[in-house]
Each structure stands twice: as C-alpha cells, then as structure tokens.
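One structure below.
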Amino acid sequence: MSKHTIKKFEDKAKVWVQFPEQCKSCGLCIEVCPKQVLSWDDSVLGHFGRPTIKCDVKNCIECKLCEKICPDMAIRVKD
Amino acid sequence: MSKHTIKKFEDKAKVWVQFPEQCKSCGLCIEVCPKQVLSWDDSVLGHFGRPTIKCDVKNCIECKLCEKICPDMAIRVKD
Amino acid sequence: MVKNHYKILIAGEGGQGVQALCHVLTRAAFEADLNVVYMPNYGVEQRGGVSLGFLQLGKEVIGFPKFEKADIIVNMRDRAIDRVSEYIGEDTLYIYDSDLITGSELRDVSAEKLAIPATSIASSKLSPAVFNMVLAGALLSEIHLLSRRQVETALEEVLGYKYKQKPQLRNLNKKALEYGEKLAREAYEPVGRKR
Amino acid sequence: MVKNHYKILIAGEGGQGVQALCHVLTRAAFEADLNVVYMPNYGVEQRGGVSLGFLQLGKEVIGFPKFEKADIIVNMRDRAIDRVSEYIGEDTLYIYDSDLITGSELRDVSAEKLAIPATSIASSKLSPAVFNMVLAGALLSEIHLLSRRQVETALEEVLGYKYKQKPQLRNLNKKALEYGEKLAREAYEPVGRKR
Amino acid sequence: MNTPRMPKVLKQESKPSNFCPGCGYGIILRVIGEVIDEMEISPRTVIGLDIGCNLLAWNYYDLDTAQSHHGRVTPMLAGYKRGQKESVAIGIAGDGGLYAIGLQGLIHTAHRNEAVTIIGVNNSLYAMTGGQSSPTTFPGEVTTTTPGGKFTEPKPIYGPELLQPVASEGAFLARGTVNNIPVLKSYIKKAIEAQLAGNFSLVEVVSYCPTNWKTNAEATIDFSKKLESIYKPGVING
Amino acid sequence: MNTPRMPKVLKQESKPSNFCPGCGYGIILRVIGEVIDEMEISPRTVIGLDIGCNLLAWNYYDLDTAQSHHGRVTPMLAGYKRGQKESVAIGIAGDGGLYAIGLQGLIHTAHRNEAVTIIGVNNSLYAMTGGQSSPTTFPGEVTTTTPGGKFTEPKPIYGPELLQPVASEGAFLARGTVNNIPVLKSYIKKAIEAQLAGNFSLVEVVSYCPTNWKTNAEATIDFSKKLESIYKPGVING
Amino acid sequence: MANNTEKKISSGVKPKKELLTGNDVLLRGAYAAGADFFAGYPITPTTEVLTGWANAAAHDSRLEFLQMEDEIASGFAVIGALLAGKKAWTATAGIGHVLMQDPLAVAESYRLPFVMYVGQRGGPSTGTVIYSQQELTLARFGGNGEGLRIVYAPSTLAEMYTYMHKAFETAWKYRFPVIVLGDGYLSKMQAPVDVSAKLPKVKSTPYFLNGPIKNMRNCFSMEEELVEHLNFMFKEFSEASKEIVESESYQTKDAEVVVFAWGSVGYAAKVAVAKARKDKLKVGLFRPITMRPFDSAAAIKAVARAKHIIIAESSAGHFGRIIRETLAQNTDAEYVRLYKPAEGITAEEIEKKIREVAK
Amino acid sequence: MANNTEKKISSGVKPKKELLTGNDVLLRGAYAAGADFFAGYPITPTTEVLTGWANAAAHDSRLEFLQMEDEIASGFAVIGALLAGKKAWTATAGIGHVLMQDPLAVAESYRLPFVMYVGQRGGPSTGTVIYSQQELTLARFGGNGEGLRIVYAPSTLAEMYTYMHKAFETAWKYRFPVIVLGDGYLSKMQAPVDVSAKLPKVKSTPYFLNGPIKNMRNCFSMEEELVEHLNFMFKEFSEASKEIVESESYQTKDAEVVVFAWGSVGYAAKVAVAKARKDKLKVGLFRPITMRPFDSAAAIKAVARAKHIIIAESSAGHFGRIIRETLAQNTDAEYVRLYKPAEGITAEEIEKKIREVAK
Ligand SMILES: Cc1ncc(C[n+]2csc(CCOP(=O)(O)OP(=O)(O)O)c2C)c(N)n1
Ligand SMILES: Cc1ncc(C[n+]2csc(CCOP(=O)(O)OP(=O)(O)O)c2C)c(N)n1
Ligand code: SF4
Ligand code: SF4
Ligand code: SF4
Ligand code: SF4
C-alpha cells in the first residue's frame, strides 16, 4: 500500500470513497450493489491499469455491501 | 504343511480329528466348545512343541465351533 | 534493429497477456521457418506477479531457453522494471508502455528506450484489451525477420477459436499491430535513430 | 570351555524366550563386570519366526554386535537349524534341546554337540515354561566367567516383577539351572571331554 | 475516510495483495483479520499456511506466519499449538490441501481434537496449479483434468460433514460463504472460541476463483451460488 | 478326514502359517479362502497386502499376491483393478494401515468407488511393531504408547462409518467379527459381490491379537467381546 | 550396447517439425511407446502432462487416467497398473518427486517397469515452480536402497521425445524403474520439434493372472533373504547397465578443456563448445545421458588429454560429486566449477568460462 | 572447531555404567539435552524410542508426546513445535526415513533445528527391520535440495549418548536440521554404557510470538529470490561446517593401509586396526563422525602414506562414493571394497581384509 489516491463521491452526509491503487477492477462491487449505483470509471485506472469504480452516490443507500465484498478493501462507505 | 500326523477320536459315527503339526496350542477351541469336551493333551506336542488337544468325543455334539475358530485348520469334525 | 537473430524479453504482470503475445510471436517465427525457442517464466501468482517470456528467434542455433542479455525488452508494467533490469545489455532496446510506466520510473535504465502509449491508443482507438498487440506492433517494427502478415497468420492460428466468438477481435488486433508499428516508426524518425 | 571371552548364539523360535534368556545372561555378565554386548536378531513375525540372540561376554573388547563364528550355540528349535549353521566354526559347541531337535536332524552339523532334554526335564520335574532355563544351566556350565549365583541374581532383577506375582517361579528357575548344569556335566563325564 | 478500512492486524505495505482480482481469498483473509481485531488476540495469534493460493498470504498479516507444504498445515499447526498452548493457531488451506493430500492429517487432527482453527477455502478446484479437479469439484464441473465434466464420483467430498463423526463434542465445524459475510464472520469467531476452549475447529468457506472459473463478476457470483447450493452453509458441529 | 479341511485356494505347503498362536488373521484368511472357493473366482483373484502382520500372508494363498507399503495397499489395488477390470482384487490390511497412514487412500478409493474389496483387520493396535496405539485403540486401552490407557481421543475411529458419507450407493461397508464366522463369511461374500457389480467394498473384522493383548484363550475372547461392544458388527452401507 | 555418441547440433527447421512444449513432447513420446495408464497429481511444471493425458483419455478409451489424492497414491496406483501389465507412468516434480520415492522403493524391490517423468524445480522444499538441476541425487538414489533405477536426462525437446519413448522400452526390457529427468525449462519451453518418427510400440505383459503364481514381497524376515535378493538384483543391474549406459562425447578427442554438463545445460554446453571450437580452442564436452547407470568408461576416456574440467550444473554439486567420484584418480586435470543452483546456465556463460580457462 | 580426534578404545567396565539398549541411550541423550517434545510413528528398529518417550511423558508433564498418523505428519508436528521453541525431535527408519524427507525439506528451507534419529534397516522398500548402512545418501541428500543438514554417525552406545545430546546442541546453535544416523544393531543392542556425564541443557527460543514478526516462506515466486536465499544458506552452512565437522583418524600417521568405515562398522574397524597394529602392520582408520559436512581435510591427511584404502560399509557404495569423491586426486592408493549391503561387518572380517591387503 504505497500510494494513497482517493476518489470521493459525496452527497450530503453520504460519502463513498474509493482507493484506486487498491482496486483490481474485479467488478464484484458493481455486481452486488442493490441499487446499481456503481459503474466502471475509465478515467482513473486501478492497480492493474484497468478502470476503477465510480458511484452515483445520490442513490446509494449506504448498505456497504460493496465495501464488504471488495476483496481488496478499495471501497469505504461512511458509517 | 510338511508332515501329516493324525489324532482321531471316534464315537460311533462321530469323528473328531486333530492334526498336531498344524496346532499352535492357542487354546481357542477349548474355550469355544459349548460342551467343554476339549482339553490339553500333553502327550502329543504341536507346532510349537507345546501340548495339543484331545477330545472327549462321546460328549461332542458336532457343532464344529472348534473347527471354525481354529486359525490353523488343525481340527476337523466329520460332517 | 537488423540482426539475424533476436533475444527478446517480454515482461509484464500476470493477466496482461505476456505469454499470449509470446505464443503468437513464436508461432509466427515457426511459420517463418526461423529457429525459435520461447520459454515462459513466472512465479506462483496466477495474476499480478511479474510474468516474463524469453523469446529467441532467428537463424542461429539456440543453446538454452534463457539468455543473459536481451536485444529487445518489451515491458508492460512498472512492477516489472526491477526484474528485467538484469537483462539489459549494452545494445538493448527497451520498448515500454508509456501509459503504465512513466519515463521517470525508467530514469536509471541506461538502455535506449522506445515509449509506446499502447494503453491509451488501444483504449481510445480500439479496445483496452489489445494494448499488448500495439506493443507487439512496435516490437515487430524492430524485428526484420518477421512480417506483420506472418504475425496475423499466427494470430489466426492461436486465437482462431476466439475469433469465431468475437470476429471483431481479428480487426482490432490487426489495427493494433499497425498502430504499434506506426508509433514505433514515428518515435524514431524525428531523432533519426539508426534502425 | 575355558576362555576369557565367549561368543554365544542363542537360537530358537519367537515365543520360546530366546531373548529373555539373553537378557538374563547379559545382566549377569554386566553384574560380573565383564564386557558384554547382546544383540537380538529376528524378523517380522511376532511369534514363530527364527529368533536369534548374539551374546558376547568376557574380557576382550567387543568390536561389533554380531560375529561370524560362535564359540557356543544354544539351539531350541529344529526350525532354527539352517539359520544357525553358518555360525558354526571349528571349535563351536552346539547345545540343543534334544526334545525339540532330534539328533538325526543335526546329522550334517559337524560341531561338537551337547544334547540336553530340556523340555522333558522341565515338563516332568518342574514346569514346561522353564525349559529354556535348563538350557541356560547347561550353557552356564560351559562359561567359566559366570556363576550360577550371578545368573540367579540377574534373574531376580530381570524377572523381579514376575517373581512377585508368581513366587514359585524363583525356585523353578533355580532348579532348572541346576538341572541344566547337572545334565551338561553328566553328558560329558562319560566321554571324558576336555572342558 | 482517507484510508481503507483495513483490520489493524493486516500488514498495510503488502496491499493490494497478490491474489487475483475478485479472488475470494481477499474477503476471507480480511474477515479473519476483523475477527482477530475484535477478539483482541493478535499478540498471541499465529497463522499457518498450506501450499495453494493461500501461500500468497505469507505477508498478508502483521502476525507470525509460516507456509508448510501442500496438505501439511494441519499437523504443523497441531505441533505448534502443543508447543505453545497459550497461542491462537489459525491455519488456512485450500480444498485440495485439506481434502486431498492433507485429508489424513485433517481427520486425525480433528480426531485428536487439537485446539487449532482451520479455515478451508472451497473454490472447487486446485487454483494455484491452474484449475485441476479437486475433491470439491462437483459432478459435471469442467476442469483441466475433467475436460468433459467430472463424472467419476457421484458426489463431492463434504469436509466438515466428513469430520463430524470423528470430532469431539466441543469441536466447531461449519461451512460459510463469501456471499454472506456476517455469518462467515460469526463462524470464524465461533471457531476461534472453540479453539480457546481447547477444541478443534474447521470453517470451510465457499469462495471465488474467477481466474480458474474463467468468470466475470456476474458469473463469479452465479458460480458461487451454484457451489453454495451443493455445499450448504451452516453449522455442522458445535 | 485325513487332511485338514482347507480351502482349495490356500497354499498347503505354507501351513501352518507364520501367524501367532490364536491369531485372528488365520480365521479371517481362511474365511476369505472359503468365499473364493465357493464363488469360484480363484482364477481371477489377486490379493494385495499392506505392511502389518497381514504381510505374513504373502504366501498364504495359491493366488497372485503382492505386499505394498504400510498404508498403501488400497491405492495399489485401485491401480491394479483399473488395469485389469476382469479381476477380483482383494486387499488385506490392519487398522493402522487403513485408518492411520492409509486413511487418505482408503477414503479416496471409496470416494472414487473403485471396484476393490478391502478386508480391514481390527485388533485395536499396531500388532507387528509390538502393540502401539492405533486409531482403533479404544478409550482406556493400555498399549505401549498409551501406558496409562488411551485418553487423548474421546472415541476411536470407526472405519466403515467414516467412509459411509463418501461411499457410493452400491458400495458395501460392513463390520464383522471372528466370533461370528457365518456372518463374517456372508459379509465377505457380499463385499466381493459388490466389487463384481463395480463397487467399492470394505469389511472391517474385529480380530484377535493374543500376543499384544497378552491374553490367553479365555481372555482373548473376552477382549474381543469388549471390542465388539465398541465396534458393533453389522452392515453400514449396501 | 553402451551408447556413447557424438551428435550433430541440428540447425534449420525441418519440414516435419511441430511447435510444441516439452510437456507436449513427453506425451507424444509416451503415446509412441503405447503408454496406456497414467496416475498422477498436479504439480508445476509438469501439470500439463497430467492435463494433457486427461484430455487424451477423454477421447480415447484405451487410455486409463487416474487423478489421485496425492503423489504417493499415484505411485502406488502405477505399481498396481504395472502388475496388471499396463504401460503405466506418472509425472511429478520437486516435493512430489520426494514423495514418489516411497512407491519407487517398492518398484525397485520388485524390479517393476515404473516410468516417471520429473521436471526439476527449485529446491529445497516448495522452492520455486520454475527450474533447477537439484533433484539429481534424489532421482539416482532417493530411496532407502541402492539406486536400482535408470535415469535418462534429455537435453533438448527432440530428446524428450526419444527418451520418453525409450524409458518405456528400457523399463519393460530390463524391468527396472526408469526416470526421465527433465526440468522446468524443458517442460515449459516451446520450440519446433520433429516428433514424427514412428517408434516401436513397447510390449508389456501382466505380472498377475498370467501363468505361474507370483507371491511378491518387499519385506524379508531374515537378513540373509534380503542379501540374496539384493545380490541377484545387483547382478542383473550391472549386466543391464552395460547395455543401457549412454553418453555423448563431443569433440573430446584432443580436448584440453572438457566441459561436463547434463540435461538442458548439456545442450547449452555443446553450443558453447561448438562456438569455442570455431576459434580453434581445444575444448570438448562430456554429457551423460543416463545419469544412472553412469557411463564411467566414456567419461574417463573423454578426459584423456584434459587439463581443465569445467563442471556446469544448475545445482551446488549434485553433478560435480558424481564426476569427481567417477574420474577420481583417472585425471590430473583441474576442476573448475560453474555451479548455479536453481538458475539456468546459458551457452554464452559456458563459452565465457571456457575462454577464461583455456587461456 | 573441526574435531578430528583419535579416541582410545575403552576397555574394562567403569563403575558408572548402566546396562542399556541403544534406543534407551538415545532417550538419555535427548533428556540430557532437555528435549521436551517428541512426535513420531512406530517403526522397527526405533519403536522403543517412541514407546520410551511415551512412558516418560506419562510421568513427566513437561514432556510432550504425540503419536501421529504417519511419519509426514510427525515431521510437520515437529516443525510446528520448533516454531514454538520446543526442543522437538523424532525417530524413524527405512521407509519412514524416506517419508520424513518431506518435512525435512521444510526444515532445511527454514533452517530449523529439526532433530531426528534414524536407525537404518535393510532396503530398499520394507526390506528388513534389522540393519544396514543403506540410508546414508538419503540422510545426507534425501530431499529436493542441497543437503543443508548435519548428519552425525555414532559408532558405539557411548557415542549414541554423546551425539544424541550434541544433535540438539548443534541444531539449536547453528540452526540446521540434524540427523543422528544410527542403525538397527546400534538401536537394539544392549551393553554397559556410561550415561552419567552431566551434559549441558540446550537453550532454545521460540520463533513465533517472540519479538519481531516472522513471515516464513519456503515457496519463492521468482528464481532470484530463491537463489538469494540459497546463497545465504550456503554461506552459513559452509561457515558452520568448519566448526561442526568431526572425524576420527586412528593410527593413520604412518599407515600404508587405511580403512575407511563409519558408524558401528567404524568401531569394528577400529578394533581390527588395533589388533593388526599389534602385529606391527602399518594400518590406520579414518572414521567420519559427521557424515555431512564431511571432514575432507582430515580424510585427505589420513591417506598421506596410504597404498591401499579399504572401504568397509554395510551397503553397496553409499560410503565409497563419498570417499572417492572426497579423495579424488589426492591419493594414488588402490581402493579395496568390503561392501556388504544390509549385512553386518565384524572386526574379524575387517582384520582379515587388512591382512590380505597388507601382505
Ligand atoms: C506435494 C505437492 N504436490 C503438489 C504440489 C503442487 N500444488 C501446489 S498448490 C496445489 C493445489 C492447490 O489447490 P488447493 O489446495 O485447493 O488450494 P487453492 O490454490 O485452490 O486455493 C498443488 C497441487 C505441491 N506443491 N506439493
Ligand atoms: C512408512 C512406514 N511406517 C512405519 C512402518 C512400521 N510398521 C510396520 S507394521 C506397522 C503397524 C501395523 O499395524 P496395523 O496396520 O494395524 O496391522 P497389524 O500388524 O496390527 O495387523 C508399522 C507401524 C512401516 N513399515 N512403514
Ligand atoms: S453502499 Fe450499498 S448502495 Fe451504496 S454503493 Fe455500496 S452497495 Fe451500492
Ligand atoms: S470490488 Fe473492489 S477491487 Fe473489485 S472492482 Fe470493486 S472496488 Fe475494485
Ligand atoms: S487463482 Fe483463484 S484462488 Fe488463486 S488467487 Fe486467483 S482467483 Fe484466487
Ligand atoms: S502379533 Fe497379533 S496380529 Fe500379529 S500375528 Fe501375532 S497375534 Fe496375529
């Protein structure tokens, strides 16, 4: 865990954060999100040089399923 | 099975036979005989130079338990 | 680079298609009746570990599947920089994906370098998946024993089953090779490098 | 047999007490401050296979736990005849249980022999179980470095726990040793053999 | 919010890990880490690894760790625990390491009720060597050694169920899944509690191996659901 | 009446056998011989032996036989049978060979449902090496490695029961005893029938080891009855 | 017949060549010999032998395939299959090779035609999955016995084909276990190779259910029985050895520097020697092909004029020990080590060493 | 410090002697060293080590005892216990020794103080349960690595005590696996022996839960990593070797016939040499005590005046190969073999051979 870039998506109190260096672009988070608010983000590449994740945080319900499934702790949803 | 001595105990049609060379003097037959008609026979030594078995054939009921239990096929009871 | 024999080291990370690329080039060399030996070299990680391909092709007898110094290194990954450094010789040409490796990371690399923005070209013009074919194109432009057509034929054989499922891949690969060759040519011409 | 060192091979069948006997003699030799090495030698059968005990005792340095030729062989079993034959040397004395081995079975054995009816003596006068102590007595009469008393003491140590359970065993063993010695002596005197 | 929410016991500098994208190992290892944090046992916890993709976890934790050989983590850990009874000994192994080459050791360790915790990662195949059939490859599953689908055995091997008859009363045997993390976590906690009470514990975890399954995220989850339908999560003993 | 009643398939000149007086192996081997005779399968029967007292049976039958290594008769036999499908392959091993060092092979052979028959001789200890504790040593039993009685495991290993969950429907798993020869014989017959129908079979047999039990005839039978009370005879599968 | 040859370095691509990996080639060699049974357990770098056979078996019912629960079981399944007369084999590496010594000991005792390919990887322990020449002693003497086994060491893909086939031939002819000792590079590398040669199918006969009753035992009760058994086997082994030993002596007649190398390093050495010869350096190569039995006579002959002996091996003395033991008092040449444990050795490195020594 | 000594043949019975078997003596040596953990599996001729320990553990709660399901598990349990800082050991023989190479490979890679007694029995395979010297190569190089282990070969019961103790000392001091390589005769024979010497308890420290975090791996992803690891170990091993090597050169100064023998045969050879010396025969003995590392310098020195070298071993060349390799060009003496695989060799036989050769 050398670098620490942060991508933050906020909506009022809701904060959805991604750490691109940790993201291996597996897509599991997109898959498990019950609100389907996550999608590929071609603009920032992850650990393997592939797209990371962006969040349509407005519709996020803070269920944290994405954070929990992420094998690489690349997502953090504010408590 | 080199030699073939035979010890025969007969009473009418009943024939109880022992083959001393096969007998290892384990005593299992004596133990399982329901009529307790078997006993040690010091006069004939078995495979290990120890006593073989004699049969009080009069009281033998031909159940063949001795023949069946004998691990060394040293007993034969007439069918 | 005009030689009658090439020692090529292709490096990247598991999952980037290093070995697939080697496979295709080996096949092409084979079809071109060249002597060729390719040896994959990677650790236990199925993805992510450094992945190397040692490729020797040309007209000389190949004594051993590994070599000490490469004529050409193709590097797809910053994380492979350290590992390939020992294979850099005096005349080594170092081709790399300048989207995944920055020039400054190669600061200490003394070899002559050829920066190919393979990922960005592939992503913007074709598909991110074929970035390695862009690098292959650049490599090809340096190997005078193999033609693009031969590589395309090899691709046909190696990826035939994939082409059936995804016919558009054929064209993407073809284009990627072309882009690579073009980028390599352009990268040089301005500085008038001896080829 | 007067020597300052003895190589003794005790042979029989698993279950006959070959090793127990060796044990006792080894202990006796140890208590007598002799050099002694005893090595058991048998196969995988827990009972019935040929069982050998190599016992060396006396005043010489013992180089190896096995030897080539025995000074004395004690054989308890016909089935061990073949196995011990290679250990018969020019001056070997061959003691055997003449109830379990017939003289004719030893026809081809060139050694000087000492037939001890150990089993019948033990069975008739003592208990069949101590036949091996009868043989031990005979053996003892040939070993001038060990006294009967020393063996009895050794028996005490080795079989102490058994003696507690079966106190009569002590006397049986003692008697058996005596019988053995006596038998051995008698066997010789008539023919006036050099001792 | 500026750093990943990572259990304290994880070694930060080795992240991201060496596991493939989407690999279930990452989830399982993190959950183990969370449990260690929550139980506050890190000063006395050691991790034993098998040989299989789990070996990649050799520098995953800020804990003492040792790789063993393929299939041998269980006896190694049993020996360790006997030597250091105050410790918490956690072993991590694959289905091949546990149910093929390491089955004997696993059963006997359970039978002797050694106080160790084994986490068994069920990805239905030999992942590290490239996807050969394993004891948990299910009927019909295609692997590199069952090219037409696995048809030799009528049913796969159910690890915790197999251990059940030899296990002690206090032993904890369960099967979790990465698809249900809260339950998985509770099982791992119970397993360690069983160890602390002097008993053996095994938690098999239905995991993901997108690389050898050759699945994208969607298909990965589908495949794992299929696995779950065969390897039903739940407590088998304890 | 002038010769012993010996199954035809036994090698006459190797009798009496190398087993100890009163050893249960003799009974079991004879019963196997009777079954082979009665089923008339001797021309196609081969015997695999483990290492344990069973190795002494290497010249017991007038059949092709081979010793393997301790614990390895099962995989050897599985390989043989795959190579010669018309044969009847019978393996004989002790409880140590089957449930300790050979457990892995046994379970996987059962799991793959290899068409072989294994006769497992349960004498509750390692006989050939002089009476150490084995997986079937029961709680409290004194052996040379459990001088105070075996107290480490709450229960011994029940072989056929342990195999049951991995075995196929057609597999035959049973436990007989030398104290009930007619039933033992019927089990062995059923086991071979299962093999002929293409299935795995295991018959564990509660046996006698007077030498290591240090028992006379009466105590031998008593001890074996005690064993039977722990290892209940019966059919476990099939 | 002992077989000490000098083979030409083949160059140029022949029409019949195919592009294959070493593991592919092994399978071709085994098919050519008529192998019909494989039992194994996956391990890098030989897993593709297992998976390749699995694939072939899925399409050809004559090929028996058993993926076992471990290497020991695999070896014993092979032993069983051999008793049934199958041309059975397995493939492994590293720690799998260590475990395989268990069944191999039985195969030695019974003189079974057990055939095994080993793709050496880095050691000790799990080491690397890649390459080494560190399993030589293990292959030659890795049991609790006297190394009654044949070990072939191919140096090129072409030889992988020839010797994989020959392994079955030798095994069934002389009835000793045969190991083909390759390495991870040889297993994994891909190159054009001609595997079109029609080699004879090997004949096999069942041990069991085939004529006189066989009672096979590896456990002897008495020392004398084992000694008799051993003496018989030694005699047979040493007689067979005369016909089995193979080596290559290349340019050794007048060589003052002789390189000793084997396996894939052996081929690199040959290329190096050929290059050095172009500069008129008096250099030669001795390359054993059978690592056991060892062609001692040829090795001694090869150093007749040697002043320097270069030992090149990807290990720390496994090979050198054999050479010193073999040549012992038969040479005054100075030994020069090129030991690179668990690393490859290229022709260039060897050539450099030759030039260093030769001057 | 290299330890090449000439020990007197002790004769006469000392007051402190006890009557013990070799296996008993081993236990005494281990207790003396403070051994506190044993995991094993029964196998003749070393079973009494296991049962003896089991008995002791039943009365002393500081002694941990684990009867495992097989040898491999036993070895791995020992490895685990070592990580916990236990002075852990095991004992085995024959095929068990073969299987033990699996855990031993890990111990080599981690440089763990793994202590093991081996009582050699006849091989190959199950062989006999009795005696041989056929497991020498296995003990020295039986894994997939480079033999990074120490092998002590005691020749008498007294040495069984000393070296069993020393095994723990060396293991924990230098952190390499140590094998005490005895044989079935040494294990089973009974003789008076003095085990009263108070030897120091060996200090051990836990690897785990003891200061800085340790992440131990035996699997390296890249070749370079393994090479680095190996080079470090070679350096350490060769440095430690200087202090560890031990041998006995007896009457070699002017010896024209030098007997090479080891283990129990080594002691027989000594007695033979002593006898022959009484007749003024110029004969000596070289007996390695560490079979690995090998005291090459002393061996070479011992043959300075040798015209004949007699190699006596209860195997078919395991030892002879080492001698030829070690002496290589350092002697012109003629080699005479006294190879008796899986059979004992008595002092008388060796003496006879000496007289044959000396005349
Ligand atoms: C004795 C031995 N045999 C084979 C191997 C090769 N090998 C390494 S990992 C592995 C399989 C791993 O499968 P699994 O245990 O299920 O773990 P996974 O990788 O699936 O997590 C094998 C066969 C080995 N390292 N050691
Ligand atoms: C690998 C190996 N370990 C240990 C041994 C020693 N050994 C021989 S037989 C045996 C135990 C036999 O017990 P079991 O299998 O129960 O058969 P039994 O003799 O009781 O019939 C052992 C441990 C061996 N031969 N091989
Ligand atoms: S917290 Fe829940 S809703 Fe929000 S992005 Fe994550 S999975 Fe989707
Ligand atoms: S789950 Fe994690 S690693 Fe995978 S794509 Fe989402 S953020 Fe990236
Ligand atoms: S191969 Fe499978 S199990 Fe192994 S790291 Fe990759 S995804 Fe995970
Ligand atoms: S030791 Fe026991 S099992 Fe072995 S032959 Fe004797 S009585 Fe039978």
Side-chain angles (χ1 to χ4, degrees), chain A residues 1-34 36 38-41 44-53 55 57 60 62-79, chain E residues 1-34 37 53 56-57 59-60 62 121 123 177-185 205 207-211 213 215-225:
Chain A
M1 216 168 70
S2 36
K3 311 176 216 167
H4 250 323
T5 331
I6 294 187
K7 284 190 338 192
K8 238 182 213 170
F9 299 84
E10 298 180 70
D11 178 54
K12 303 182 192 132
K14 290 191 278 188
V15 191
W16 190 100
V17 173
Q18 194 185 34
F19 309 97
E21 281 87 6
Q22 307 295 315
C23 176
K24 289 181 185 160
S25 317
C26 70
L28 284 172
C29 50
I30 299 182
E31 218 43 55
V32 298
C33 174
Q36 301 188 304
L38 302 181
S39 58
W40 294 114
D41 175 4
V44 182
L45 300 185
H47 179 70
F48 284 119
R50 279 174 295 174
T52 51
I53 304 295
C55 180
V57 70
C60 167
E62 297 171 298
C63 69
K64 288 192 187 156
L65 287 180
C66 54
E67 179 180 331
K68 292 238 168 66
I69 198 99
C70 176
D72 290 287
M73 296 157 285
I75 293 173
R76 184 160 182 172
V77 183
K78 199 176 169 207
D79 293 306
Chain E
M1 288 301 296
N2 291 338
T3 51
R5 199 192 317 262
M6 214 177 269
K8 283 206 301 290
V9 72
L10 269 55
K11 203 186 286 289
Q12 311 260 327
E13 59 275 25
S14 66
K15 305 293 167 298
S17 69
N18 290 320
F19 296 93
C20 302
C23 175
Y25 268 107
I27 303 171
I28 298 166
L29 293 173
R30 187 196 71 225
V31 172
I32 296 172
E34 287 170 8
D37 277 7
C53 285
L56 300 175
N59 64 351
Y60 195 90
D62 250 332
V121 176
N123 52 23
T177 162
V178 291
N179 289 323
N180 191 337
I181 292 171
V183 168
L184 173 60
K185 192 164 163 181
V205 190
S207 182
Y208 304 149
C209 178
T211 298
W213 295 352
T215 45
N216 61 17
E218 186 186 350
T220 296
I221 291 173
D222 284 354
F223 196 106
S224 73
K225 296 279 181 196

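Numbers restart at 1 for each chain; the letters A, B, ... are given by sequence-line order, proteins then strands.
A distance of 8.5 Å separates CG in A:Leu38 from CD in A:Gln18, rounded to the nearest 0.5 Å. Here the CE atom belonging to E:Met1 is positioned 10.0 Å from the CH2 atom belonging to A:Trp16, to the nearest 0.5 angstrom.
By number of non-hydrogen pairs under 4.5 angstrom with chain A, the leading residue of E:Gly22, E:Pro182, E:Cys20 is E:Gly22. Comparing A:His47, A:Lys78, A:Arg76, A:Glu31 by heavy-atom pairs within less than 4.5 Å of chain E, the highest count is held by A:Arg76.
Two residues are said to be in side-chain contact when any heavy atoms from C-beta on lie closer than 4.5 Å; E:Glu218 and A:Ile30 fail this criterion. Side-chain contact between A:Ile69 and E:Ile27: present, with at least one pair of heavy atoms (C-beta onward) separated by less than 4.5 Å.
Heavy atoms closer than 4.5 Å to chain A are found in the side chain of E:Leu10, but not in its backbone. Contacts between A:Cys23 and chain E at a heavy-atom distance below 4.5 Å are absent for every atom of the residue. Within the 4.5 angstrom heavy-atom criterion, only side-chain atoms of E:Tyr208, from C-beta onward, approach chain A. For E:Arg30, the part lying under 4.5 angstrom from a heavy atom of chain A is the side chain only. In this structure, the portions of A:Leu28 lying under 4.5 Å from any heavy atom of chain E include both its backbone and its side chain.
Between E:Val31 and E:Ile181, the shortest heavy-atom contact is CG2-CG2, 3.8 Å.
A donor-acceptor pair under 3.5 Å is formed between the side chain of A:Glu67 and the backbone N or O of A:Val77.
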